Structures are given as C-alpha cells and as structure tokens.
Protein chains: 2
Amino acid sequence: MNNKTAARKSLPDHSRPPMAGTTIYAIVEATRTLLATQGYEALSMREVAAGAGITPPAIYRHFPNKDALIDFVVKDTLREFELHLLRAIAPLPVGSYERLLALGSAYIRVATEHEAQFKILFTRFRSRPRKLADFPGQWGYQVLRQCVVEAIDAGILREMDPDLASFFFWSRVHGIVMLLLACDFSETLPPEIGDLTAENLFAATRDLVVSGLKAGP
Amino acid sequence: MNNKTAARKSLPDHSRPPMAGTTIYAIVEATRTLLATQGYEALSMREVAAGAGITPPAIYRHFPNKDALIDFVVKDTLREFELHLLRAIAPLPVGSYERLLALGSAYIRVATEHEAQFKILFTRFRSRPRKLADFPGQWGYQVLRQCVVEAIDAGILREMDPDLASFFFWSRVHGIVMLLLACDFSETLPPEIGDLTAENLFAATRDLVVSGLKAGP
DNA sequence: AACTTATAGTTAACATCGTTAACACGCGGG
DNA sequence: CCCGCGTGTTAACGATGTTAACTATAAGTT
C-alpha cells in the first residue's frame with residue numbers, strides 16, 4: 001500500500017540516466033556543465049535552473065535538495081566508470097601486470113577528466129565515510145580485485161591478501177591524483193619525467209612498486 | 001611611502017601564531033573549534049563571532065574575508081607540522097628505513113588529528129594547484145627529501161631520483177589517508193589488520209613497498 | 001462532456017549567509 | 001582640547017537554498 005511513505009517528492013531513478021529531452025535531463029546536464037566549468041563552490045541552484053531553462057523551485061519537483069542533485073550527477077557521471085575499467089583491461093592478457101597498469105591509467109584518466117565529480121565524491125561526503133558498497137558500482141573495486149587475484153594466480157604478483165593488495169593499488173593511484181590536484185610540483189620534480197600529469201608520475205614510479213625500494217642485492 | 005597599498009585592512013601576521021588573550025586569538029580559536037566539531041561546510045562567520053564573543057563584522061577588522069580566516073587557521077594549525085616530523089625522526093638513526101616509516105606515521109597522525117584542516121588544505125584550494133613552496137613549511141617536503149637522500153646514501157634504498165622517491169612516499173601516505181577519510185573499508189579488508197586506521201594500513205602495506213610486488217625468485 | 005486529480009511549472013517570500021556602510025567608543029600625542 | 005586611529009557596534013544589502021501558494025495542462029473516470 002503505502003510503501004512509498006519515505007518519499008513524498010518523486011525522486012529520479014538512480015539506476016539509470018535520465019532520458020534526453022526531459023526536464024530532469026536538462027537539469028542534470030546544466031549541473032554537469034556548471035560543475036565542469038565553474039566547479040563545485042560556484043554551483044548555484046539559480047544557475048542550474050537558468051541553464052535548464054526553468055525557474056529554481058522547479059528543480060525541487062525532481063530533486064529533494066541541492067545535495068541530492070549533486071549526488072545524482074556525480075553518480076550518473078561516474079556510472080560507467082566500471083565499464084571504463086573493463087574496456088581498459090579487455091585487450092590485455094588475464095593475469096598480466098599490464099592489466100593492473102591499465103586499471104591505474106583508467107582510474108587516473110577518469111579522475112582528471114571529471115575532476116569536479118571526483119573531488120566531490122572523495123571530499124564532499126555528507127554521510128562521512130561511506131561504505132565501499134555504497135559507491136557507484138563499488139567504484140570498480142571488484143574489477144581491481146579480480147585482476148589482482150588473477151595476477152597472483154599467474155605468479156606475476158607474490159602471494160598476499162588480495163583485498164590488502166587491492167587497497168594498496170588503489171591508494172597508490174588515489175594519492176597521486178589527489179596530490180596533483182592539490183599541489184604544483186613543477187619546480188620540485190625532475191624534468192625528465194615530462195609533463196607532470198598523474199599518468200606520467202604513475203608511470204615514472206611503477207618500477208619502484210614492482211621491484212621494491214630496497215637496494216639491490 | 002605607500003608600500004601598504006595592497007592592504008587597507010590590517011592583516012594578521014602570518015609568520016607566527018596570535019597571542020593569547022587578544023581578540024584575534026579568540027577568533028582563530030573559535031574557528032579552530034568549529035572546524036573540528038562541525039567541519040568546514042557548517043562553519044559560518046556568525047558562529048565564529050559568537051564563539052569569539054564579538055559581532056560578525058568585527059572579524060573583518062582582523063581578516064579581509066572568510067577565506068583568509070580559514071586559510072590562516074589552516075596554516076596556523078599546521079605550522080608546526082615540520083617540527084612534528086623532525087621530532088618523529090630525531091631518535092632514529094640517520095639513513096635508516098625506520099626514519100621514513102616515522103615520517104609516514106607522523107604525516108598520518110597529523111592528518112587524522114586535524115582532519116578538517118587537512119581536507120581544506122588539500123581540497124578547498126582557491127588558487128587551484130599551488131606551488132609546493134607556498135605550502136606552510138613546504139609541508140615538510142625538505143625533511144622527507146633529506147631522509148630519502150640519506151637512506152639512499154646509506155644503501156637502504158636503491159639509487160633513484162630523490163625527488164621522485166619523495167613524491168612516491170608522499171603520494172603513498174596521502175592516498176591512504178584520503179581514501180580512509182572518504183570511504184569505509186570495514187567490510188572489505190581482512191580483519192587481521194586490526195582497526196582500519198590509516199596507521200594500521202600504512203604498516204600492513206609497508207612490506208609490499210620495500211620488497212616490491214613481484215613474485216619471489 | 002464535465003469533474004477530478006496528478007504533474008510540473010510559476011511567482012513571491014523567508015531564513016541564512018558573507019559582507020559593507022555608517023556610526024560610536026576609548027586612548028595616545030600634538 | 002581635539003584629532004586620528006584602532007576596534008567594536010548596529011543596520012542593511014545582495015545572494016543563496018528552500019518553501020508556500022498558486023496555476024496550467026494533460027489524463028483519467030464517471
């Protein structure tokens with residue numbers, strides 16, 4: 001009967017993107033554009049409404065509040081993140097180290113291409129630390145874990161807990177991305193790396209990860 | 001003559017903390033408390049003023065705007081970060097790997113103890129990517145670099161560019177901290193790690209860093 | 001065909017926020 | 001004495017997120 005007690009307002013379906021041509025699509029698209037151009041802090045409901053060709057209160061027919069709108073846009077933008085990962089590793093042999101590298105590159109690519117959404121997802125969390133399962137598509141964690149398991153089985157990686165190893169890989173690329181988003185290393189790091197993109201720094205340090213930091217025998 | 005053209009309003013001295021008992025001290029202290037208890041998003045000038053026992057416009061006698069106030073508090077809080085690092089490594093032998101571990105632990109400790117300031121410093125940057133030199137005390141980068149150089153010289157770490165290695169170490173702890181601040185891994189990572197603190201995860205993965213990920217010979 | 005109802009939009013307004021303008025008090029030096 | 005300066009006040013402005021109240025349109029239902 002009243003199994004819709006929780007929501008008086010009709011929420012958008014979080015399981016798939018809104019159809020083009022609808023107002024809700026215009027709202028989401030306007031939000032996305034504003035996030036990419038002005039960033040999070042400058043995003044206002046009035047500007048979103050103007051971009052969508054409606055008045056501000058009309059937004060509240062589709063989203064309960066600003067947070068929910070942004071949350072939806074972030075999740076919608078990163079919805080296909082998992083697919084990106086799968087596409088990145090598809091042409092590479094199962095269990096190979098190249099697959100893990102490709103995952104790192106794909107992560108970095110998504111993070112830099114959707115910088116605003118990425119920062120929101122990882123810093124503007126209302127519900128403080130969220131469960132990994134709450135992240136859209138678990139943020140491809142299962143894909144990463146699978147590749148780690150396969151690499152261990154293939155003898156490419158040494159024996160270790162796959163979850164701990166996955167966390168290790170994840171935190172590594174995450175740290176590179178977050179550090180570069182926050183700080184300019186152009187006068188610090190050696191020029192032979194080339195452009196100080198996250199991608200380049202990921203590549204420049206991968207040998208360290210594989211072989212370890214200890215001095216040779 | 002008019003060498004103070006840029007600033008009509010008197011700015012606080014950024015080079016040392018305000019004296020106790022002064023209004024400026026009360027403002028800073030109120031801001032610090034609110035940041036720690038409510039977080040950045042909930043921080044309002046009116047609450048700061050109330051906490052400092054003055055009216056909101058009075059704040060503007062000491063800080064040009066909200067951003068400057070927060071910026072000052074962040075820098076003031078993390079002013080002694082470099083000293084923390086130095087104290088952490090002091091009892092440990094020069095060139096030892098323990099020194100590098102102690103640096104990582106100190107970084108993690110400061111980040112988790114001053115979560116709000118840490119997040120502001122690394123995500124709420126107005127002047128987008130800032131130069132590393134602009135960070136308070138360069139954020140101890142020189143300390144880290146020095147330890148890396150010494151460890152390489154001591155034969156503890158293999159030969160590599162010290163700046164690249166420093167970045168590698170930094171991004172590693174940074175990634176762990178940022179990931180844990182954003183996401184709850186309690187149902188993901190193996191329970192034998194213990195509490196899922198950044199400190200524990202740093203310790204649990206340090207062998208991987210030293211020995212490398214590749215399978216043994 | 002007429003009446004109801006839900007949906008999706010509008011205008012007007014409110015509370016709160018950062019910030020400024022205008023003014024007031026106290027204190028040290030000519 | 002008064003002048004200026006530092007530091008506080010009150011009142012107010014513009015922008016923001018959000019709600020209330022109203023309206024128009026399309027879809028059923030009798």
Side-chain angles (χ1 to χ4, degrees), chain A residues 1-13 18-31 34-35 37-74 120 124 126, chain B residues 1-13 18-31 34-35 37-74 120 124 126:
Chain A
M1 298 296 182
N2 54 354
N3 51 356
K4 48 173 180 175
T5 47
R8 294 285 305 249
K9 279 164 182 166
S10 58
L11 294 177
D13 182 3
M19 278 199 310
T22 61
T23 301
I24 201 173
Y25 179 84
I27 294 173
V28 168
E29 213 55 33
T31 308
L34 286 172
L35 275 183
T37 55
Q38 333 257 38
Y40 173 83
E41 343 269 348
L43 184 79
S44 81
M45 296 298 264
R46 282 171 168 85
E47 272 187 280
V48 169
I54 55 177
T55 54
I59 301 177
Y60 293 83
R61 296 287 164 192
H62 305 277
F63 299 91
N65 54 44
K66 187 183 182 182
D67 273 359
L69 167 60
I70 293 178
D71 202 62
F72 178 84
V73 171
V74 169
I120 292 169
R124 212 58 43 70
R126 302 282 169 185
Chain B
M1 298 294 183
N2 54 354
N3 53 355
K4 48 175 179 172
T5 47
R8 294 284 307 247
K9 280 162 181 168
S10 57
L11 294 177
D13 184 2
M19 278 198 311
T22 61
T23 302
I24 200 172
Y25 180 84
I27 294 173
V28 168
E29 213 53 35
T31 308
L34 287 172
L35 274 183
T37 55
Q38 332 256 41
Y40 173 83
E41 343 270 347
L43 184 79
S44 80
M45 295 299 264
R46 282 170 168 86
E47 270 185 282
V48 169
I54 55 178
T55 54
I59 301 176
Y60 292 83
R61 296 288 165 195
H62 305 277
F63 298 91
N65 52 44
K66 187 183 181 182
D67 273 0
L69 167 61
I70 293 179
D71 201 61
F72 178 84
V73 171
V74 169
I120 292 169
R124 213 57 41 71
R126 302 284 167 186

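In what follows, chains carry the letters A, B, and so on, assigned in the order in which the sequence lines appear, proteins first and then strands, with residues in each chain numbered from 1. What you see is a predicted model, and the numbers here were worked out from it, not measured in a lab.
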Open item on the list: Less than 4.5 Å apart, side chain to side chain, heavy atoms only: is that true for B:Leu69 and B:Met45?
Closed with: yes

TODO: Figure out the CZ/P separation between B:Phe63 and D:dT7, and round it to whole Å.
DONE: 12 Å

Task: Proximal nucleotide (of D:dT10, C:dT19, D:dT18) relative to the B:Tyr60 side chain - done: C:dT19

TODO: To the nearest Å, give me how far apart CD1 (B:Ile54) and P (C:dT19) are.
DONE: 14 Å

Open item on the list: Using whole Å, what does the distance between atom C1' of nucleotide C:dC17 and atom CD of B:Gln38 come to?
Closed with: 15 Å

Open item on the list: If the cut-off is 4.0 Å, is B:His62 near the phosphate of D:dG8, judged by side-chain N/O to OP1 or OP2?
Closed with: yes

Open item on the list: Below the 4.0 Å mark, does C:dG9 have OP1 or OP2 next to a side-chain nitrogen or oxygen of A:Thr23?
Closed with: yes

- [ ] To the nearest Å, give me how far apart CG (A:Leu43) and P (D:dA15) are.
- [x] 17 Å

Task: Whole angstrom value for the distance that separates C1' of D:dA15 from CD of A:Glu41 - done: 16 Å

Task: Closest-nucleotide 5' rank along DNA chain D - winner of A:Pro57 and A:Ala42 - done: A:Ala42

Open item on the list: I need the minimum non-hydrogen distance between B:Ala30 and B:Gly51, along with the two atoms involved.
Closed with: CB-C, 3.8 Å

Open item on the list: Within the 4.5 Å heavy-atom criterion, are B:Asp71 and B:Phe63 side-chain neighbours or not?
Closed with: no

TODO: For B:Leu69, answer base if it contacts any base atom (sugar-phosphate contacts may also be present), sugar-phosphate if it contacts only those atoms, and nothing otherwise; contact means non-hydrogen atoms under 4.0 Å.
DONE: nothing

Open item on the list: Ignoring hydrogens and geometry beyond distance, is the side chain of B:Arg46 in donor-acceptor contact with the base of C:dG18 at under 3.5 Å?
Closed with: yes

- [ ] Ignoring the backbone of A:Asn65, work out which of D:dT18, C:dG9, D:dT9 is nearest its side chain.
- [x] D:dT18

Task: Nucleotide of C:dG18, D:dT18, C:dT10 approaching A:Ala58 most closely (side-chain heavy atoms) - done: C:dT10

Task: B:Arg61, nearest nucleotide to its side chain (from C:dG9, C:dC23, C:dT11) - done: C:dC23

TODO: Choose from D:dA20, C:dA8, C:dT19 the nucleotide whose nearest atom is closest to any side-chain atom of B:Met45.
DONE: C:dT19

TODO: May I have the distance from B:Ile27 (atom CD1) to C:dG18 (atom C1'), rounded to whole angstrom?
DONE: 15 Å

TODO: Report which part of the nucleic acid B:Thr55 touches: base, sugar-phosphate, or nothing (heavy-atom distance under 4.0 Å, all strands).
DONE: base

TODO: Let me know, please, whether A:Gly53 or B:Pro56 comes out on the 5' side of the other along DNA chain C by nearest nucleotide.
DONE: A:Gly53

Open item on the list: Just to be sure I understand the rule, does A:Ile59 reach a base, reach only the sugar-phosphate, or reach nothing, if contact means heavy atoms closer than 4.0 Å?
Closed with: nothing

TODO: Drop me the distance from A:Glu29's CD to A:Ile24's CD1, to the nearest 0.5 angstrom.
DONE: 12.0 Å

Open item on the list: If you compare all heavy atoms of B:Ile59 against all heavy atoms of B:Ile27, which two are closest, and at what distance to 0.1 Å?
Closed with: CA-CD1, 4.1 Å

